[in-house]
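Just so you know, these numbers use all the heavy atoms, side chains as well, and skip hydrogens, waters and symmetry mates. Letters A, B, ... are given to chains in the order of the sequence lines, protein chains preceding strands, and every chain is numbered from 1.
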2 protein chains.
Amino acid sequence: MSVISIYKCLCDEQRLRILNLLREGPLCVCHLMEILEADQVKISKQLRYMKDLGVVEGERHAQWMIYRLADEGHPLLTENLKCLQDCAGESLALAEDLRKRRAVTAHARRTNPVCAEALEA
Amino acid sequence: MSVISIYKCLCDEQRLRILNLLREGPLCVCHLMEILEADQVKISKQLRYMKDLGVVEGERHAQWMIYRLADEGHPLLTENLKCLQDCAGESLALAEDLRKRRAVTAHARRTNPVCAEALEA
DNA sequence: AGAGTATATTCCAAAACAAGAATATCCAGT
DNA sequence: ACTGGATATTCTTGTTTTGGAATATACTCT
């Protein structure tokens, strides 16, 4: 995972939002779809793009693919995601995304325990 | 200057190196060419790209165009440029570029005082 | 085996970007 | 007005990235 790769991921709003979400822990595609209100193909493609650059990793758990930040997170990426909380502020709805994230995963724990459990692993 | 714009500039090696150089103060195109060992058109195009995104500003001084970071530098950009010194390390020759920068501007002060002076303004 | 859910891949057209060559502009000095 | 230096723009072509539609794969449950 090179410095340039990290910036290539961050330079697109949707990818940036995905990384911001993964910062708080792994997520499966269906949760990302729900939080970002985007269709499945688009999300999958973004994840593929970032996986090819080594920024993100995916692991299958039953029928779900759980994605997480690769490498325990390169320091540059970690720093940026932290910084973005304050810097981005209004324009990108990062805080809002995180709020949704909690709602979605909490809900999943009830409706879809198998998937929810995979997130812990 | 948006967050995404900043990352769009940082996600290309040459642009990143230019920003790293501008962090220490304004420079004119001919100095950038010399330090990065790149041809004029390529540098001009990168500067144009970054200017259109509002990340960089240019001002004419006689026949020279002096470029600098816009806006006194967005905090996110500032943070990244600082962080990169350590993070990037070997792969990108950022420290080396800065060394060259000092040599080039020092030399300019002797051979081309008019241009050199414009950098101070 | 068959059906359903979750996710990935492929194909194709559009847009953005990059690189090189040629040319244009702006300014200073004569 | 003319020349030369510094910089910008235009044109063309090739590559990367994006977006939508269709399709394929992987896994689970019955």
Would you mind telling me which residue lines up with the more 5' stretch of DNA chain C, B:Ala62 or A:Leu47, judged by nearest nucleotide? A:Leu47
[X] versus [Y]: any side-chain heavy-atom pair under 4.5 Å?
| X | Y | result |
| --- | --- | --- |
| A:Leu27 | A:Ile66 | no |
| A:Leu32 | A:Leu47 | yes |
| B:Gln85 | B:Asn20 | yes |
| B:Leu16 | B:Leu94 | yes |
| B:Leu36 | B:Leu21 | yes |

Could you state the interatomic distance from CG (A:Leu69) to CD (A:Glu24), rounded to the nearest 0.5 Å?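 Here the rounded value is 11.0 Å.
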Name the first nucleotide and the last nucleotide along DNA chain C (5' to 3') that come under 4.0 Å of a heavy atom in chain A.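 Boundary nucleotides touching chain A, in 5' to 3' order, are C:dT5 to C:dT10.
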Carboxylate-amine/guanidinium contact B:Arg101 B:Asp97, below 4.0 Å: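 So B:Arg101 does not pair with B:Asp97 through a salt bridge.
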Give A:Cys115 one of three labels, base, sugar-phosphate or nothing, depending on what nucleic acid heavy atoms sit under 4.0 Å from its own. nothing
At under 4.0 Å between heavy atoms, what does B:Lys8 touch on the DNA or RNA strands: base, sugar-phosphate, or nothing? sugar-phosphate
Span of DNA chain D, from the first to the last nucleotide whose atoms fall under 4.0 Å of chain A heavy atoms: D:dT17 to D:dT28
Pick the nucleotide of DNA chain D nearest each of A:Arg60 and B:Cys30; which residue has the one closer to the 5' end?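 The residue whose closest nucleotide sits nearer the 5' end is B:Cys30.
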Flag yes if more than 12 heavy atoms outside B:Arg48 fall under 6.0 Å of its CZ atom; otherwise flag no. no
Check A:Leu53, A:Val55, A:Val3 against A:Lys8 for a side-chain contact (heavy atoms from CB on, under 4.5 Å) and give me the one that passes.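 Per the side-chain contact (heavy atoms from CB on, under 4.5 Å) rule, the option paired with A:Lys8 is A:Leu53, out of A:Leu53, A:Val55, A:Val3.
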Closest non-hydrogen atom pair between A:Cys115 and A:His31, with its separation: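 That would be SG-CE1, 3.9 Å.
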Tell me, which of residues 39-46 of chain A have any heavy atom that sits under 4.0 Å from an atom in DNA chain C?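 Within residues 39-46 of chain A, the residues near DNA chain C are A:Gln40, A:Val41, A:Ser44, A:Lys45.
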